[in-house]
Each structure stands twice: as structure tokens, then as C-alpha cells.
Amino acid sequence: MSSHNPNPAAPAPMPSKYGLQRKAPNEIKAPSGRFFRRYGGYLFLLPYLILFFSFLILPLVYGFWLSLVDYEMLSPEAPGFVGLDNYREAMNDSYFWRAMKATALYVGMAVPLVIGLALLMAVLIDSLPEKRQGFYRLMIFMPTMITITVAGLVWRWFYHSEFGLLNAMLEPLGIWVPWLTDPNWAMRSIVLMSVWWTAGVPLVILMAGLKQIPTSYYEAGAIDGAIGWRRFVYITLPLLRPILLFVVVLTIIGSFQVFGQTFIITEGGPELATRVIMHYIYDTAFNFYRMGYGSALSWLLFVVIITFSLIQFRVFRER
Amino acid sequence: MNNTSKFNRRLVEFLVIAVSVIFVAPIILVFLTSFKPDAEIIRFQGIMPIEWTLGNFREILGAPEEIPIFRWLFNSFLISFSVTFLVLTVSSLAAYGLARLNLPGGRILFFLIIATLMVPPQILLVPVYLILNTLGWLDTPLALIIPAGAGAFGVFLLHQFFKGIPKDLEEAAAIDGCSKLGIYWHVILPLSKPALATLGIFTFIGSWNDFMGPLIFLDSVEKYTLPVGIALFQTSYYAEYGLTLAASVICTLPVIVVFLFFHKYIIRGIAMSGLKE
């Protein structure tokens with residue numbers, strides 16, 4: 001990595017091709033001046049690069065090394081290299097697979113709902129008079145600005161089986177839902193809350209994408225009878241495709257890292273039904289201080305996420 | 001034909017209003033309910049409080065020994081402002097160097113920085129925790145401030161913006177004897193106010209709302225930020241919804257104010273991330 005980072009603080013390596021010995025002593029400054037002109041700009045980068053290498057590149061490499069080590073912070077034994085043992089342990093760890101299953105369930109439900117709602121609302125809002133579009137967009141975006149503790153605690157109160165607002169509102173209809181107490185319902189409740197909390201971001205991106213479609217396309221399409229539903233299927237959707245895919249991948253990546261919602265609202269329960277992978281990593285590393293195993297789990301999650309990121313890059317190149 | 005399309009448009013707008021109301025309703029409900037006495041909160045009797053009370057706020061603000069909410073508020077402000085200042089400073093300097101100075105190896109370095117946008121920060125928590133432990137920064141605000149400067153998003157955003165600034169201005173300044181640092185300070189930064197505002201607001205709100213960082217890197221209750229403090233205090237005051245809601249309002253109010261004033265920049269920043277460049 002550091003080979004890409006000529007360190008500006010290091011003494012200037014005198015370029016020998018300038019043949020210092022053939023020059024008068026008072027000209028010795030010239031090459032270093034040239035060096036400064038060439039590399040001096042790195043001084044602008046220096047503060048960022050120090051942080052970038054200390055808190056991004058180093059942790060990335062260090063984290064991978066940790067995943068190959070048996071590092072228990074609470075154990076008196078020195079950490080020892082164990083090769084792929086941590087990864088092998090994960091493959092045979094039923095808690096890991098349960099967490100993966102819970103995560104997949106969340107991703108599988110949340111992504112279609114978030115994207116579906118965001119796309120529907122983006123198209124509908126876009127068809128309204130320009131003056132009011134911003135206002136509606138703002139209202140749907142507002143929940144994304146609220147910290148997860150507040151959002152989570154509020155929804156926990158909504159979902160409460162006794163004093164909960166939702167059941168109180170459903171009572172006249174004779175419906176009672178075990179929002180958080182039933183293992184099957186708990187994840188649905190988390191997804192419902194997450195749709196509310198996260199749909200604003202894809203909505204904003206999709207609306208910006210819709211604005212980029214030239215009206216002339218719609219006008220030309222209208223002559224050929226592309227209005228209403230057909231206009232959406234034959235003009236809007238194909239032209240929006242690249243941004244739609246970007247938003248889908250963004251949402252998938254974010255959803256794989258779901259943590260705050262389940263941590264605050266259900267605390268992983270009931271019966272670990274909502275303990276997602278980030279939550280399991282948190283428990284492993286910061287409750288049991290198994291840093292090696294926690295790192296291995298992080299890297300497994302990273303592999304899953306990077307796979308989706310690479311898909312995204314392919315999608316981008318196609319554009 | 002004209003009548004049905006008019007009807008359709010009304011229907012669409014009605015649907016949009018309904019969804020918008022559903023999205024804002026929980027926020028408004030929190031504000032209203034925080035003024036209700038406990039009895040009214042537990043038994044839902046309508047959206048508006050029957051009896052308005054400041055009791056919840058008085059209780060939560062009146063016991064600084066038990067609930068150090070002013071301390072948390074101060075910590076949150078201190079950390080969020082420091083992070084914002086740090087990110088704006090280091091990102092704009094780096095972005096200027098990468099976008100404008102034609103550094104040897106600059107393109108590769110820029111690519112390396114951009115590539116880390118794919119790295120979810122969550123997966124770095126364990127190694128960063130151990131690095132902070134080595135530095136002795138755990139349980140101090142530094143643990144939340146300094147690592148935040150490493151993110152690539154700010155460099156990326158400002159780099160794209162700086163690229164779009166016409167070169168003539170810089171050249172004119174250079175002819176007038178302006179140094180590179182002078183150009184950065186007197187030409188580039190003033191022209192980039194919208195991009196800096198976008199990044200600054202993003203960073204501030206992101207840091208203010210951060211939950212996982214303070215949860216993992218902080219230990220002592222008096223070091224907490226508001227979001228973690230509220231989560232903790234929910235566990236010890238379980239089912240005291242009035243207090244929780246009042247605390248939620250205190251935590252959310254600054255964000256909502258920032259948001260209502262600067263939503264233009266926030267929306268633009270997010271929209272930009274999806275579009276070309």
C-alpha cells in the first residue's frame with residue numbers, strides 16, 4: 001500500500017541523473033526545489049492520509065490478520081496463529097447460521113418493500129405539480145434523519161403488546177398482533193419499522209433519476225400511445241434502470257448490516273429470531289471479547305457485501 | 001377523457017398525501033405524547049394530549065445526577081462539531097491535492113481511496129477498537145472523533161466538485177502570486193460552499209445519530225452521547241415512556257432544526273450520490 005504513498009516527510013532522495021557533482025554548490029538547491037514542486041502537493045494530502053492509513057487501511061489488514069488468530073481478550077494466553085480455524089468454526093457454528101438466516105430473511109423482506117415503496121412514491125410524486133413535489137419528498141425523507149435509538153424506542157412502544165399504540169388502534173377491528181413476542185412476527189415488525197426509517201434515501205435518489213429523463217422522450221412516446229401504465233413500463237423503467245440497480249445494491253448492502261433496529265427493538269429476540277449477523281459479531285467481540293472469531297465473522301460478512309458491491313461495479317460499467 | 005385523468009391525478013395526490021402523513025405521523029406523535037402525563041401514554045385516548053404537562057421534561061432535566069442529560073447533550077455537540085470540522089478540513093485539503101495538483105501517483109491513490117467506499121465501516125469495528133485501546137483513546141471523545149476523519153466519502157464528494165471549478169480562476173490567482181495554499185483558501189473553498197455545506201451537514205447529522213460507535217467505544221455513563229445515553233436509560237427506566245419520549249424529543253430537536261433549515265443540501269447530497277460522477 002505504502003508504495004503508492006511517497007512520504008513527503010522523508011528526506012528528498014536526490015535524483016542522481018542531475019549529476020550533483022557537476023554543479024556549483026549554490027545550485028544544489030535546484031533539484032530539491034524541483035522535488036518540492038513535484039511532490040510538495042502531497043502536504044495537502046498528508047493529514048487525510050495519516051487518518052486514512054491508520055483508521056481504514058491498517059484496520060482492514062489488521063482485521064484480516066486477527067481473523068487468523070485465536071485472540072481472546074479476557075484470556076491470559078497470548079494470541080496464537082490458528083490459520084483458518086476461526087472460519088472453520090463459523091462454518092460449524094449453528095448460532096452463526098441462525099444469524100445468517102435471520103439476516104437473509106431481513107434482506108429478503110426489507111429490500112423489495114423499501115425499493116417497491118420508494119419507486120412507487122417516486123413515480124407518483126414526480127407526476128404531481130413541481131411546486132408540491134419537494135414537500136412530499138421531505139415528509140417521507142424525514143424519518144431517516146432520526147437516530148436509531150429514538151426511532152427504535154418509539155417503535156418499541158408502538159409495538160408493545162399491552163400499551164402499544166398499534167394494537168390499541170387495531171382493537172376496534174378485533175385484531176391483536178403479537179408484534180414482538182412471536183418469533184415469526186418479530187422480524188416482520190422490524191422490517192415494517194425499517195421501511196419507515198430507510199425508504200427516504202432511495203426515494204430521493206430515484207426522484208433525482210426521474211428528473212434526468214428528458215421530457216422529449218415522454219412526448220415522443222405519447223405519440224405512439226405510451227401513456228399511463230405503458231409509459232412507465234416502456235419509457236420510465238428502462239431509462240431509470242441503471243439508477244434503480246444502483247439503489248437496489250445500495251439497499252442490499254445496507255440491509256446486510258442491519259443492527260440498530262434489532263438491537264434496540266427486540267434485543268435479538270424472541271428466541272434469537274432477530275439476532276442478525278452484525279448483532280452476533282457485536283456479541284462475540286464486545287460481550288465475549290473473542291476478537292479473532294469476531295474478526296473472522298466480520299470478514300465473512302464483508303465477503304458477502306463485497307460480492308454485491310462488485311455486481312454494482314459491473315452494473316456501473318455497463319452504463 | 002379529461003375528467004378521468006383529472007380524477008386520476010386527484011387520486012394520485014391523495015395517495016401521496018396519505019403515505020406522507022403515515023411517514024411523519026410517528027414523529028409528530030412523539031412530540032405530542034411527550035407532553036402527556038403517564039396515565040394518558042399507557043392508555044391511548046387520542047392523538048392530542050387531554051392534559052398538557054411539562055412533567056416529563058421537568059423530571060428528565062431535573063435530575064442531573066441520575067440522568068446526566070446535559071452532559072450527554074454537551075458530549076454529542078462536542079463530538080459532532082469536532083468530527084464535522086475534522087472531516088471538512090482533511091477531506092477538502094486532500095480533495096484539492098488530488099483534483100488540482102496533478103501529483104505523481106495521485107490517480108492511483110485516488111482510486112485506492114475511492115475503492116474503500118466499498119468497505120462497510122462496521123466490519124472494521126474490532127480492529128479499530130483494538131487500535132484505539134492501544135492508543136489509550138477508548139472511553140474518550142477522541143475515539144469517536146479521530147477515526148471519523150478517515151472516511152472516503154468526503155474526499156470523493158469534494159473531489160468531484162473541485163474538478164468542476166474552472167481552471168482560469170486559479171491561473172489568474174497564480175499570476176497574482178497566490179500560493180497553492182492561498183488558492184485553496186481564497187479561490188477553491190469560497191467557490192465550494194454548497195458542496196462543503198452538504199458534506200458538513202451530512203457529517204454532523206451522521207455523527208450526532210451514530211449509535212454503534214459510542215456503544216462500543218465508550219464505557220462511562222458520563223462520557224455517553226445522547227443516543228447511547230437514551231438507550232441505556234430506557235433499560236433502567238423500563239416502561240417509563242414519558243421520560244423516554246421527552247429524552248427522544250431533546251435528542252431529535254437539534255437534528256430536525258438542522259434538517260428543516262438545510263434540507264436542500266441534504267437532499268442534493270443524497271441525490272448526487274446516485275447520479276453520474
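Because the structure is predicted, anything quoted here is derived from the model rather than measured. All values below were derived from every heavy atom in this structure, side-chain atoms included, with hydrogens, water molecules and symmetry-related copies excluded. Sequence lines set the chain letters: A, B, ... in the order given, protein chains first and strands last, and positions in each chain run from 1.
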Which word best sums up how the rings of B/Y129 and A/F286 line up, parallel for under 30°, tilted for 30 to 60°, or perpendicular for over 60°?
perpendicular
As an exercise: rank B/L226, B/V126, B/N133, B/I205 by heavy-atom pairs under 4.5 Å with chain A and give me the winner.
B/V126
Nearest 0.5 Å, what's the OG-CG distance between A/S54 and A/L49?
10.0 Å
With only heavy atoms counted, which part of A/F135 is less than 4.5 Å from chain B, the side chain, the backbone, both or neither?
neither
Turns out that what part of A/F158 lies under 4.5 Å from chain B's heavy atoms comes down to side chain
4.5 Å side-chain heavy-atom contact, B/K180 and B/R100:
no
What do you reckon, are the aromatic ring centroids of A/Y71 and A/Y293 less than 6.0 Å apart?
no
What I'd like to find out is whether the side chain of A/M142 reaches to under 4.5 Å of the side chain of B/I256, using heavy atoms alone.
yes
Between A/R137 and A/V204, is any pair of side-chain heavy atoms under 4.5 Å apart?
yes
For chain A, which candidate among B/N102, B/V228, B/I22, B/L215 shows the most heavy-atom pairs at distances under 4.5 Å?
B/L215
Less than 4.5 Å to any heavy atom of chain B: does that hold for the side chain of A/L66, its backbone, both, or neither?
side chain
With a 4.5 Å heavy-atom cut-off, do B/L125 and A/I281 have their side chains touching?
no
Quick check on B/I146 against chain A: is it the side chain, the backbone, both or neither that has a heavy atom closer than 4.5 Å?
both
Portion of B/T89 that has a non-hydrogen atom of chain A nearer than 4.5 angstrom:
neither
Heavy-atom proximity to chain A below 4.5 Å, by part of B/V16:
both
Quick one: what part of A/W65 sits under 4.5 Å from any heavy atom of chain B, side chain, backbone, both or neither?
neither
With a 4.5 angstrom heavy-atom cut-off, could you sort out which part of A/V154 is near chain B: side chain, backbone, both or neither?
side chain
Does any heavy atom of chain B fall under 4.5 Å from the side chain of A/Y136, the backbone, both, or neither of them?
both
Name the option with the most non-hydrogen atom pairs under 4.5 Å to chain A; the candidates are B/A152, B/G154, B/P147.
B/P147
Could you check whether any side-chain heavy atom of A/R132 comes within less than 4.5 Å of a side-chain heavy atom of A/I125, counting everything from C-beta outward?
no
Under 4.5 Å to a heavy atom of chain A? For B/L101 that would be side chain
Of the backbone (N, CA, C, O) and the side chain (C-beta and beyond), which part of A/L297 lies under 4.5 Å from a heavy atom of chain B, both, or neither?
neither
Going by the side-chain contact (heavy atoms from CB on, under 4.5 Å) test, name the single residue among A/L250, A/L244, A/T251 that passes it with A/I205.
A/L250
Quick one: does A/I148's side chain get under 4.5 Å of B/P227's, heavy atoms only?
no
Contact class of A/M207 relative to chain B, heavy atoms under 4.5 angstrom
neither
Keeping to residues at least two apart or across chains, list the side chain to side chain donor-acceptor pair (under 3.5 Å) pairs with something in residues 104-126 of chain B.
none
Return the option, out of B/L29, B/T252, B/I131, B/V255, with the maximum number of heavy-atom pairs under 4.5 Å with chain A.
B/I131
Please state whether the side chain, the backbone, both or neither of B/I113 comes within less than 4.5 Å of a heavy atom of chain A.
both
A/I305 portion near chain B, given a 4.5 angstrom heavy-atom threshold:
side chain
Measure the acute angle between the ring planes of B/W208 and B/F204, then classify it against the limits of 30° and 60° as parallel, tilted or perpendicular.
parallel
Are B/I188 and B/F162 packed together at the side-chain level, in the sense that at least one heavy-atom pair is separated by less than 4.5 angstrom?
yes
Name the region of B/I267, side chain, backbone, both or neither, that has any atom closer than 4.5 Å to a heavy atom of chain A.
both
What part of B/A148 gets closer than 4.5 Å to chain A, counting heavy atoms only: side chain, backbone, both or neither?
neither
Between B/L98 and chain A, which part of the residue has a heavy atom less than 4.5 Å away: side chain, backbone, both or neither?
both
Would you please classify the geometry between the B/Y224 ring and the B/W72 ring as parallel, tilted or perpendicular, with 30° and 60° separating the classes?
tilted
Proximal component of A/I264, with respect to chain B [non-hydrogen, under 4.5 Å]
side chain
Find the one option among A/L165, A/L301, A/I306 whose heavy-atom pairs under 4.5 Å with chain B are most numerous.
A/L165
Side chain / backbone / both / neither for A/I146 at chain B, heavy atoms under 4.5 Å:
both
Measure distances from B/V155 to the heavy atoms of chain A and classify the residue's part below 4.5 Å as side chain, backbone, both or neither.
side chain
Aromatic contact, A/W155 with A/W196 (centres under 6.0 Å)
yes
Chain A contact via B/L181 - which portion, at a heavy-atom distance below 4.5 Å
both
Tell me, side chain or backbone of B/L135 under 4.5 Å from chain A's heavy atoms, or both, or neither?
side chain
Side chain, backbone, both or neither of A/L124 within contact of chain B (heavy atoms, under 4.5 Å)
both
For the candidates A/T149, A/L58, A/L117, which exhibits the highest count of non-hydrogen atom pairs separated by less than 4.5 Å from chain B?
A/T149
Quick one: does B/I28's side chain get under 4.5 Å of B/L32's, heavy atoms only?
yes
Side chain, backbone, both or neither of B/V30 within contact of chain A (heavy atoms, under 4.5 Å)
side chain
How long is the span from the CE atom in A/M291 to the OH atom in A/Y62, to the nearest 0.5 Å?
9.0 Å
When B/V19, B/V128, B/I123 are compared by non-hydrogen pairs under 4.5 Å with chain A, the top option:
B/I123
Okay, A/M121 and chain B: the region with an atom under 4.5 Å from a heavy atom over there is side chain
Going by side-chain hydrogen bond (donor to acceptor under 3.5 Å, both in side chains), name the residues that satisfy it together with A/E72, two or more places apart in sequence or in a different chain.
A/R290
Starting at CD1 of A/I57, measure out to CZ of A/F52 and round the result to the nearest 0.5 Å.
4.0 Å
So what's closer than 4.5 Å to chain B heavy atoms on A/F259: side chain, backbone, both or neither?
side chain
Top of B/L130, B/L132, B/V24 for chain A proximity - count of heavy-atom pairs under 4.5 angstrom
B/L130
